[in-house]
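Below: one structure, written as structure tokens.
Atoms within each ligand, like the ligands themselves, are counted from 1 in listed order.
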Amino acid sequence: MNKEKKVRAYTNIALIKYWGKRDEKLFLPMNSSLSLTLDSFYTETSVAFDDSTAEDRFYLNDALQDDKATAKVSRFLDLFREEAGIQTAAIVKSTNFVPTAAGLASSASGMAALAGAVNLASGLNLDKTTLSTYARRGSGSATRSIFGGFVEWQMGTGSDDSFAVKVDDASWDIGMVTIVVNDKQKAVSSRVGMKNTVATSPFYPGWLTATAIDLENIKTAILKKDFEQVGAITESNGMKMHATMLGANPPLSYWEPDSVRAMQAVRELRQLGVPCYFTMDAGPNVKVLCRLSDSQTIKNYLSNIFDPTQLIISGPGKDIEEITD
Ligand code: 2P0
């Protein structure tokens, strides 16, 4: 058995959203996106190639997974096995670290941690930029979780140049408060939802035009450390993504009544003089981009509406890292 290698990867929340693929097999996106990596949600995954097992074994949170879940991991491991000339099966152990029972475990941190661990266990030792092209083929958003801080996933022209680039380490009082509206599995997966939106929404071409402009403007604002501008673009871009979904056939909406209540509370906080901005992904939970130094004030305000266990503060997360314990 090869020595086990273990890697931690943090999840990320897109400020400029990825919503649609131009190549489903290679996970090439329709547009470039940009995210903030978070320190409160992460996955630790170990990989060991092991001669004593004929088939890959995949444990998630200590439970051996079924054939379907294992096959997904095996297909991903194959990308590395082919490159490294390895035929051996692997034992993969993955643990999601999420404060409270929020159920926010994400494919972004999961696939990034798996990519990082198999990269070391296989001896390929790819650099992080190249590694992000592999993580991408597990899940699009995992591309961005290779790096910490503000990260751009450049759409590229093909598989080799559709990778993540760190824009800024976000160490200038940046935070996020996650409002867990509902922790249940969503009815429509993002994979299906984005495919249907690309195929049927008449708003989709407008989304692509607008999001390219939002991306350039947010990068400028990040480099100027203009928090209000970063926040305003984030809120606007997220709403535009949800508008493209509403235009799909059948229409798609992930919002719940408490999502709308949360958005209203963020507007109220702004009126009270606290700069903060919301974004939502393919689910009902609301994420509030804020100054890290305002995050407790925001949590206190939101605690009038939501249970404190539904409110999770994060600071900026780091690059993936090897864990030696
Ligand atoms: C994002 N989302 O940029 C967007 C915004 C959800 C809304 O990436 O099919 O799990 O594995 O590439 O990355 C969620 O979709 O989808 C996502 P696949 P993924 O974060």
Side-chain angles (χ1 to χ4, degrees), residues 9-38 41 43 69 72-73 75-76 79 96 103-115 132-147 150-156 159 162-164 167 176 178 185-199 201 204 207-208 210-212 214-215 218 233-246 248 252-255 259 278-287 289 314 317:
Y10 299 85
T11 198
N12 71 80
I13 298 298
L15 311 184
I16 303 296
K17 306 295 188 186
Y18 146 58
W19 195 249
K21 298 180 182 69
R22 66 185 196 275
D23 185 319
E24 303 228 335
K25 188 160 175 290
L26 293 173
F27 287 74
L28 296 176
M30 291 289 280
N31 62 279
S32 300
S33 55
L34 185 144
S35 58
L36 175 65
T37 301
L38 301 183
F41 309 93
T43 303
K72 196 175 164 198
V73 169
R75 277 196 299 275
F76 188 71
L79 299 173
N96 285 318
L104 289 174
S106 131
S107 62
S109 58
M111 280 299 175
L114 178 61
S132 75
T133 68
Y134 280 74
R136 190 195 75 228
R137 296 180 65 181
S139 188
S141 51
T143 314
R144 300 182 306 238
S145 272
I146 298 296
F147 292 111
F150 291 114
V151 182
E152 181 184 359
W153 170 15
Q154 299 184 345
M155 62 186 289
S159 192
S162 184
F163 48 54
V167 174
M176 192 166 265
T178 300
Q185 190 90 18
K186 54 206 174 208
V188 181
S189 73
S190 25
R191 204 159 289 186
V192 169
M194 65 174 77
K195 185 174 179 182
N196 198 38
T197 306
V198 174
S201 178
Y204 199 75
W207 154 256
L208 289 179
T211 210
D214 285 347
L215 177 66
I218 204 169
I233 296 167
T234 296
E235 195 168 294
S236 162
N237 187 265
M239 291 300 245
K240 279 179 275 201
M241 178 187 72
H242 287 276
T244 64
M245 298 182 201
L246 289 175
L252 179 59
S253 170
Y254 290 103
W255 297 10
S259 314
F278 60 77
T279 190
M280 286 179 64
D281 294 293
N285 302 325
V286 176
K287 293 96 178 188
L289 182 68
S314 299

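The closest heavy-atom contact to atom 15 (O) of ligand 1, among the options Gly193, Ser190, Gly140, comes from Ser190. Counting only non-hydrogen atoms, the option in Tyr254, Tyr18, Trp153, Phe27 that gets closest to atom 2 (N) of ligand 1 is Tyr18.
In plain terms, the two heavy atoms of Met241 and Met280 that are nearest each other are CE-O, 3.5 Å. What you find for Ser132 and Ala164 is that their closest heavy atoms are OG-N, 3.0 Å. The shortest heavy-atom contact between Ile16 and Ser32 is CG2-O, 4.1 Å.
The single protein non-hydrogen atom nearest to atom 19 (P) of ligand 1 is Ser139 OG, 3.5 Å, given as residue, atom name and distance. The protein atom (non-hydrogen) at minimum distance from atom 5 (C) of ligand 1 is Asp281 OD1, 3.4 Å.
Remark: the Lys240 side chain and the Ser236 side chain contain an N/O donor-acceptor pair separated by less than 3.5 Å. Using modelled atom types and a 3.5 Å distance limit, the side chains of Asn12 and Ser145 yield a donor-acceptor pair. Between the side chains of Arg144 and Ser33, at least one donor N or O lies within less than 3.5 Å of an accepting N or O. A donor atom on one side chain and an acceptor atom on the other are found under 3.5 Å apart for Arg136 and Ser159.
The distance criterion of under 3.5 Å between nitrogen or oxygen atoms is met by Arg144 with respect to ligand 1.
Atom numbering of ligand 1 starts at 1 in the shown order; those under 4.0 Å from a heavy atom of Lys21 are 9 (O), 12 (O), 18 (P). Ligand-side atoms of ligand 1 in range of Trp19: 6 (C), 7 (C), range being under 4.0 angstrom from any heavy atom. Interface atoms of ligand 1 facing Met194, defined by a heavy-atom separation under 4.0 Å, are 15 (O), 16 (O). For ligand 1, the atoms sitting less than 4.0 Å from at least one non-hydrogen atom of Ala14 are 1 (C), 3 (O), 20 (O), numbered in the order shown with element in parentheses. Interface of Lys17 with ligand 1, defined as ligand atoms under 4.0 Å from a residue heavy atom, comprises 3 (O), 5 (C).
Proximity of Ser107 to ligand 1, defined as any heavy-atom pair under 4.0 Å, is confined to the side chain (atoms from C-beta onward).
Taking the ring centroids of Tyr18 and Trp153, they lie under the 6.0 Å cut-off.
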